[in-house]
Amino acid sequence: MSWLPLSFGAPMVLWGLLALPVIWYLLRLTPPRPRTEVFPPLRILARVLRREETPHQSPWWLTLLRLLMAALVVTALAEPIFNPREKLPAEGSALALVIDNDWASAADWGKRVATAERLIADAGSNGVPVVIAFTAEKPNAEIGPFDASAALDRLRAAKPRPIPTDRPAVYARVAATLERLPGASVAVLADGLAATGDEAAFKTLLERNAARLVWATSDRLSLTGLTSADNQVDGFTLTAIRAPGDPAPAQITAGAFDDKGRRIADATLTFAPGQTTATGTMKVPFELRNDFASIALDGEHQAGAVRVLDESSKRRRVGLLSQAEADQAQPLLSPLYYIRRALQPFADLVEPSSADLADAIPQLLDQKPAMIIMADVGTIPAQVRQRLVDWVNNGGTLVRFAGSRLAAAGNDDDLLPVRLRSGERALGGALSWTTPQPVTEFPKNGPFADLAPPTEVTVSRQVLAEPTPDIVERTWATLADGTPLVTGMKKDKGTLVLFHVTPEATWSNLPISGSFVEMLRRIVQLSRNQGTAVANAEAAAASLAPYRMIGADGALVPPTPDARPLVPAAGPLPVTLENPPGLYGSETGVFAHNLLNASSTFTPLARPQVSLPVTAIPYAFDESENLKGPLVTLALLLMVLDTLAVFWMGGLFSRRPRRAAATAAALLIVFGGLFGHADFARADDSKPGDSQAIEDISKTRIAYVITGEPGVDSISRAGLEGLTRFLIEKTALEPGPPAGVDISKDELTFYPLIYWPIDATAPMPSEAAIARIDAYMQQGGTVLFDTRDQFSNGIGAGSASPATERLRDILGNLNVPPLEPVPSDHVLTKSFFILPEFPGRFNGSPLWVEASLDASNTENRPVRTGDGVSPIMITGNDFAGAWAVDENGDPMLPTVPPDPMQRVYALRAGVNIMMYMLTGNYKSDQVHVPVLLERLGQ
């Protein structure tokens with residue numbers, strides 16, 4: 001039964017409201033109020049025996065109160081529900097739930113779970129078993145059938161995976177299970193994306209034993225993915241895709257992040273009306289682009305909006321080759337001297353150990369360079385020539401410089417961009433100029449188009465290109481007489497470039513000009529890395545271990561237990577549960593395995609055309625609310641008021657005030673217990689008494705702020721326990737167990753150091769609590785703030801992470817002194833261990849302390865002089881995460897990067913902080929003892 005936004009589970013009970021008039025009639029009467037007479041007892045007895053009492057009419061307000069109480073009870077028994085939801089078709093022999101939990105479902109996973117919970121609840125009320133299967137899980141995962149309770153447990157334990165769906169395999173398993181349960185209802189909770197094999201998968205699932213189809217999809221497919229990020233000449237070119245069918249234009253912002261998660265560049269990508277592809281360019285310096293570790297689309301919390309980058313998108317490896325021996329006495333005449341000087345700032349240079357081309361070329365190719373530069377290399381040996389040609393065809397960039405050997409070697413159509421005339425053109429020769437030729441404007445079709453022509457460069461000798469119909473298209477730089485200076489062409493995936501002069505200043509002064517550096521830089525940016533260099537053939541064949549993975553929500557996370565080593569191959573690699581998207585390798589070199597590639601598209605999933613009854617439902621949270629509990633509570637409150645009114649009308653409160661007050665208090669306590677609020681009758685024992693205070697000050701204890709987030713607080717406690725163990729093991733200090741403090745009410749002066757993990761989702765402390773922290777710092781205590789995100793080096797103005805923004809809000813209400821990163825001569829660096837830095841689980845943030853404005857460090861002492869201890873420390877390295885240990889003393893969280901020594905250094909940093917807190921400038925004086933003894937002559 002449903003009336004607009006209100007429905008009743010037992011509407012027949014509402015007929016009880018017809019009894020209200022009868023109840024009203026019965027409640028009109030109430031015993032008369034006793035009268036108090038101050039007369040002898042016999043006269044009272046005579047009056048009682050002589051007079052006949054008649055009932056007195058009940059007050060209207062008491063009758064109304066009781067009628068309202070009865071109406072509330074009747075309505076509550078009818079099980080009213082506000083904003084009721086529609087009953088879902090979950091009947092038949094069973095309910096088969098097939099849920100997509102791939103990367104595309106991560107953004108609205110909560111709605112999908114809520115929809116599935118309603119289906120399971122309705123199946124449970126109908127008493128039918130539930131088959132539940134996920135399309136991005138292991139192929140041997142159990143799918144049931146289960147009862148409703150077990151199905152809910154499995155649903156709540158599931159999570160989205162950063163991989164595509166495998167509908168054919170999963171649907172086939174569900175269909176095989178339904179052969180034992182014919183006539184089942186099948187609910188498909190899809191992600192909205194079509195995939196290969198969908199038609200056959202739906203046919204397998206629905207053609208035999210299904211009696212009804214429940215189809216659940218989002219209102220619209222609003223996913224946006226990043227399909228490519230290429231390091232081009234003028235910047236990083238990005239390509240994003242969206243699903244077709246959206247006629248409106250759209251803009252999205254992409255951010256580039258370095259290996260420590262810091263945002264260092266932005267770009268805007270614009271979708272034209274009705275278009276599914278958008279492009280944009282991050283126009284930042286080439287050196288900054290080498291720091292890009294990942295690129296992500298803002299506002300898209302799924303794995304398809306993130307691309308990780310490896311060496312193929314970063315600094316190029318360039319191989320250098322020359323047949324001329326370098327003259328040690330005259331290095332400026334070396335063919336590679338100016339090339340090395342031009343390329344060293346932005347490329348990794350490799351050279352062969354052998355001068356023999358048959359050995360030198362394979363040595364360079366084994367290093368997997370992006371580009372090879374040949375300085376006046378003539379004929380290529382036949383045994384290595386084909387391998388060099390294949391390298392170019394697969395994406396390599398070959399740059400050749402002219403010289404007498406190249407001029408004499410003749411033409412090579414596979415390894416030169418143009419055909420050459422025999423011989424060379426020199427000033428004073430047969431094909432000579434009267435004067436050296438300058439360089440003119442660079443052609444618009446070449447990579448040097450936006451460079452200014454070098455007016456100081458002249459050419460006195462060159463090799464000439466044969467005039468062909470395509471010579472203009474292949475010319476990248478020309479001389480004043482129209483002859484090419486630099487030519488180039490695309491060859492399959494690679495590029496061939498020829499400088500028609502030598503790489504040293506014999507034929508031209510181009511190599512000693514600034515334009516030469518810019519021209520080589522542009523060519524390097526055109527090249528594409530071929531992979532990571534390997535030490536030997538065994539290493540080349542080895543698989544790459546998982547290093548950092550892309551989570552379903554797009555965050556970079558440590559490898560999951562299911563991740564397995566990846567074996568790189570020439571073609572695209574599939575994304576699976578064993579090989580999820582992310583980085584594979586180690587700190588020395590990684591391989592990027594991304595979810596989407598340049599050919600990826602988003603195709604909406606079409607509902608299968610079947611003859612079954614179909615019910616389409618949207619993904620949504622259950623907003624219905626059962627009103628039975630609130631109505632019963634309100635009826636009980638009215639009953640309490642009715643009881644107090646009867647006592648008042650009976651004169652209980654007027655005859656014996658003390659007994660009446662006691663009776664009222666007892667009633668309040670009883671009814672308060674019924675409502676679950678009897679705690680007010682107990683004394684507040686949350687504050688520590690004298691015994692607790694004595695226990696707190698009997699031993700040195702490190703405290704941490706209780707944030708209210710269970711995960712954060714448990715790591716804080718485990719971290720301080722790990723530091724306490726390390727302090728007991730390495731020092732004479734034996735601290736007590738760590739203490740969790742509520743800064744709003746607990747006594748803070750018992751603790752020399754309070755560790756405060758900043759969490760953006762935790763409630764903001766009140767002004768009174770922050771004032772207590774301020775007083776604690778002013779009285780000599782120290783608070784160690786930890787944003788746990790490596791971003792606290794940006795605690796000043798500018799963009800920051802949510803945790804750093806929360807830290808700024810907290811610090812805005814404190815009297816914070818001037819801060820500085822720990823200087824190299826600060827006593828913190830030598831208070832126990834000698835430490836140049838203070839890492840935690842991360843190692844990307846400095847440790848900020850109070851700036852020693854009045855400190856001095858004369859005569860090169862080990863540490864600076866100065867009194868006092870910093871009342872505040874700030875880091876983003878997640879100290880507690882590095883210190884945290886379990887009951888067995890094993891680390892709970894991995895360090896980033898996974899370096900065992902980083903955890904040791906983090907624990908040493910904790911020891912230094914504690915020694916500094918407990919000893920202050922005493923340690924500074926201890927460090928100066930050798931200097932003091934020397935002055936005393938001892």
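Just so we're clear, the structure is a prediction, and the values are computed from it rather than from any experiment.
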Residues Glu504, Thr506; criterion side-chain hydrogen bond (donor to acceptor under 3.5 Å, both in side chains); working and verdict: CA-CA 6 Å; Glu504 74 278 353; Thr506 54; 3.0 Å; yes
Audit row: Phe292, Phe236, ring-ring contact (aromatic ring centres under 6.0 Å, His included) steps and yes/no: CA-CA 10 Å; Phe292 288 3; Phe236 248 100; 5.1 Å; yes
Salt bridge (Lys or Arg N to Asp or Glu O under 4.0 Å) assessment of Arg340 paired with Glu351: CA-CA 11 Å; Arg340 291 192 191 98; Glu351 298 187 42; 2.7 Å; yes
side-chain hydrogen bond (donor to acceptor under 3.5 Å, both in side chains) assessment of Gln462 paired with Thr483: CA-CA 9 Å; Gln462 69 172 152; Thr483 57; 3.2 Å; yes
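In this structure, Ser508 OG and Phe516 CZ are separated by 9.5 Å, a value rounded to the nearest 0.5 Å. How far CG of Asp359 is from CG of Leu364: 11.0 Å, rounded to the nearest 0.5 Å. Taking CZ of Arg474 as the reference point, atom CE of Met489 lies at 4.0 Å (rounded to 0.5 Å). Distance check, rounded to the nearest 0.5 Å: CG of Asp230 to OG1 of Thr279 gives 11.5 Å. One finds the CG atom of Asp553 at 10.0 Å from the CD atom of Gln302 (value rounded to the nearest 0.5 Å). Residue Arg316 holds its CZ atom at 8.5 Å from OG1 of Thr397, rounded to the nearest 0.5 Å.
Glu441 meets the side chain to side chain donor-acceptor pair (under 3.5 Å) test with no other residue; sequence neighbours excluded. Not counting sequence neighbours, Tyr547 has no partner by the ring-ring contact (aromatic ring centres under 6.0 Å, His included) test. Under the salt bridge (Lys or Arg N to Asp or Glu O under 4.0 Å) criterion, Arg341 pairs with no residue at all, not counting sequence neighbours. Applying the side chain to side chain donor-acceptor pair (under 3.5 Å) test to Ser228 and every residue at least two apart in sequence or in another chain returns Thr239. For the side chain to side chain donor-acceptor pair (under 3.5 Å) test, residues two or more places apart in sequence or in another chain that qualify with Asp412 are Arg385. Listed by chain and residue number, Thr440 satisfy the side chain to side chain donor-acceptor pair (under 3.5 Å) test with Thr478 (two or more places apart in sequence, or in another chain). Applying the side chain to side chain contact (heavy atoms under 4.5 Å, CB included) rule to Ser294 yields the partners Phe257, Val308, Leu556; only residues at least two apart in sequence or on another chain are considered. Looking at residues two or more places apart in sequence or on another chain, you find a side chain to side chain contact (heavy atoms under 4.5 Å, CB included) between Thr603 and Ala194, Thr601. Here Val896 pairs with Arg548, Arg841, Phe842 under the side chain to side chain contact (heavy atoms under 4.5 Å, CB included) rule; sequence neighbours left out. Taking Leu451 as the reference, Phe442, Phe448, Glu518, Met519, Arg522 meet the side chain to side chain contact (heavy atoms under 4.5 Å, CB included) condition, with sequence neighbours excluded.
Val418 places a side-chain heavy atom less than 4.5 Å from the side chain of Leu420. Between Tyr584 and Asp310 the shortest side-chain heavy-atom distance does not fall below 4.5 Å. Looking at heavy atoms from C-beta onward, Leu226 lies in side-chain contact with Leu238 at the 4.5 angstrom threshold. Counting heavy atoms from C-beta on, the side chains of Trp476 and Val497 come closer than 4.5 Å. The side-chain heavy atoms of Ile380 and Leu415, taken from C-beta on, include a pair separated by under 4.5 Å. The side-chain heavy atoms of Val399 and Ile372, taken from C-beta on, include no pair separated by under 4.5 Å. Annotation: side chain of Gln367 is not in contact with side chain of Val318 (no heavy-atom distance under 4.5 Å). Side-chain contact between Pro580 and Pro162: present, with at least one pair of heavy atoms (C-beta onward) separated by less than 4.5 Å.
Checked against the 6.0 Å centroid threshold, Phe499 and Phe401 count as a close aromatic pair.
Using modelled atom types and a 3.5 Å distance limit, the side chains of Gln363 and Ser354 yield no donor-acceptor pair. Side-chain atoms of Thr277 and Gln275 form no donor-acceptor pair, as typed in the model, at a separation below 3.5 Å.
Among residue pairs with one or both ends in residues 489-499, none qualify as salt bridge (Lys or Arg N to Asp or Glu O under 4.0 Å); sequence neighbours excluded. The salt bridge (Lys or Arg N to Asp or Glu O under 4.0 Å) analysis of residues 266-278, with sequence neighbours excluded, yields the pairs Arg263-Asp266.
No donor-acceptor pair under 3.5 Å is formed between the side chain of Thr458 and the backbone N or O of Pro436.
Within a 6.0 Å sphere centred on CD of Glu473, heavy atoms belonging to other residues, nucleotides or ligands number 12 at most.
When all heavy atoms are compared, the tightest approach of Asn579 to Arg564 is ND2-O, 2.9 Å.
A salt bridge links Arg387 with Asp366: the distance from a Lys NZ or Arg NE/NH1/NH2 to an Asp or Glu carboxylate oxygen falls below 4.0 Å.
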